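Heavy-atom basis, side chains included; hydrogens, waters and symmetry copies ignored. Order of listing sets the numbers, starting from 1, for every ligand and every atom in it. This one's a predicted model, so the numbers in the text were calculated from it and none came from an experiment.
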Amino acid sequence: MTNSIKVKTREHAYRIHIAGGLLQKSGEMLRKLFSPQTHIGLMASKTVEKYYRGPVQDSLEKAGFTVSFFRMPTGEENKNMETVSSLYDALIAKGFDRSCLILTLGGGLVGDTGGFTAATLYRGIPYVQMPTTLLSQTDSAVGGKTGVNHPEGKNLIGAFYQPEAVLIDPAVLHTLEMRERVSGYAEILKYGFIRDREFLDRCIADRQKILELRDMDYLGGVIRRSLEIKAAIVAEDEKEENIRMLLNFGHTVGHALEQSSGYGTFRHGEAVLAGMYAALFLSMESGSLDRRTARHYMDGLTSVPLGVSPGEIDTAAVYPALSRDKKRRGKRLKFVLLDEIGKASVAEDLPGDLIRESISRTQKAFCREKGQ
Ligand code: GLY
């Protein structure tokens with residue numbers, strides 16, 4: 001029995017299935033959607049290949065599918081058009097056509113890059129996401145954002161292209177290093193901040209239980225709640241014309257931190273966590289969120305251990321990186337702020353000095369916690 005959530009956009013509907021051991025049942029699950037004649041391009045990095053290619057490929061072949069494997073590079077610096085171009089070459093060489101299926105097994109890099117390849121090869125072939133990190137299980141594998149980085153900014157090239165299904169097996173998180181777990185945890189907190197205070201408070205109180213993967217059923221419930229929030233938002237606004245922007249809470253400063261420090265210094269969620277601190281500060285200083293509440297949650301964020309200190313980044317480099325934010329319209333930067341915990345809105349035209357101050361306050365806050 002899997003736990004499933006429906007994602008419905010204007011032109012497409014699919015299900016997210018969540019269950020421990022789903023990896024070993026991937027063939028059976030995909031047989032409900034695809035004929036056994038389907039040629040599957042299974043994409044994974046070398047590390048994920050080592051742990052999980054065997055069980056997935058066995059299950060797919062047992063279900064009758066033909067499988068070709070494509071090894072993906074690792075590292076944010078390889079999330080680019082060269083990787084996509086090599087995938088086009090390899091898929092075409094193997095005779096892939098529109099009747100084939102791409103199956104991405106891995107974290108955000110594999111999902112976003114494989115998804116973008118699926119979105120653009122032959123003007124679109126079907127794909128299914130099997131996310132293996134906490135961040136991709138709670139965020140990036142759902143909602144159809146596919147794409148790659150450009151030297152000028154993160155995810156600047158991409159397409160909204162929805163998968164045919166998302167298969168989530170929380171049991172695979174055991175092989176995930178702690179920094180990656182924290183990275184996914186930040187996105188979980190994000191859903192609470194923008195939509196569900198009770199969920200947020202529970203996830204803050206249960207931080208260790210979540211990060212140490214103490215209870216798989218509980219964790220499955222946390223993933224489910226995160227994705228229910230995401231699915232509802234994506235159903236209303238697939239192309240990020242309005243409320244989907246709320247899913248970028250903490251991401252404006254987060255992306256700028258990631259970019260100005262060089263891709264790979266921060267895990268994405270670590271930068272988002274610091275970015276949420278900046279967003280709480282801005283919410284407080286612009287008067288939308290009361291000070292006591294903001295302070296309480298800001299202190300909570302600084303107690304989460306990050307593998308990198310935002311304080312080590314040159315503030316002067318972070319501010320200009322904001323100008324490459326995708327939410328920007330002309331010179332106007334957009335920030336997701338909180339009106340209350342669990343209720344977010346988009347603000348424009350915040351004073352530049354206040355934005356600069358939010359960055360330096362964030363850097364100081366995380367330095368202090370690290371005893372620097
Ligand atoms: N990760 C934010 C979104 O999918 O819109």
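- Residues Phe193 and Leu280 have side chains in contact (heavy-atom distance under 4.5 Å, counting atoms from C-beta outward).
- The main-chain N or O of Pro55 is never found under 3.5 Å from a side-chain atom of Gln24 such that the two would form a donor-acceptor pair.
- Counting only heavy atoms of the protein, atom 1 (N) of ligand 1 lies nearest to Asp139 OD2, 3.0 Å.
- Under a 4.0 angstrom heavy-atom cut-off, Lys230 registers as being in contact with ligand 1.
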- Please assess Asn78 against Thr83 for the test side-chain hydrogen bond (donor to acceptor under 3.5 Å, both in side chains), listing each intermediate value before the final yes or no. CA-CA 7 Å; Asn78 286 313; Thr83 300; 4.8 Å; no
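- Between the side chains of Thr104 and Gln129, at least one donor-acceptor pair of N or O atoms lies under 3.5 Å.
- Heavy-atom proximity to Leu247, at under 4.0 Å, picks out these atoms of ligand 1: 2 (C), 3 (C), 5 (O).
- Close N/O approach between Asn248 and ligand 1 is not found [any backbone or side-chain N/O within under 3.5 Å].
- Ion pairing between a basic and an acidic side chain is recognised when a charged N comes within 4.0 Å of a carboxylate O; Glu285 and Arg291 show such pairing.
- Heavy-atom contacts of Lys145 reach the following atoms of ligand 1: 2 (C), 3 (C), 4 (O), 5 (O) (cutoff under 4.0 Å).
- A donor-acceptor contact under 3.5 angstrom links the side chains of Thr120 and Tyr88, judged on distance only.
- What sits closest to atom 5 (O) of ligand 1 on the protein, heavy atoms only, is Arg244 NE, 2.7 Å.
- Taking any N or O of His251, backbone or side chain, none lies under 3.5 Å from an N or O belonging to ligand 1.
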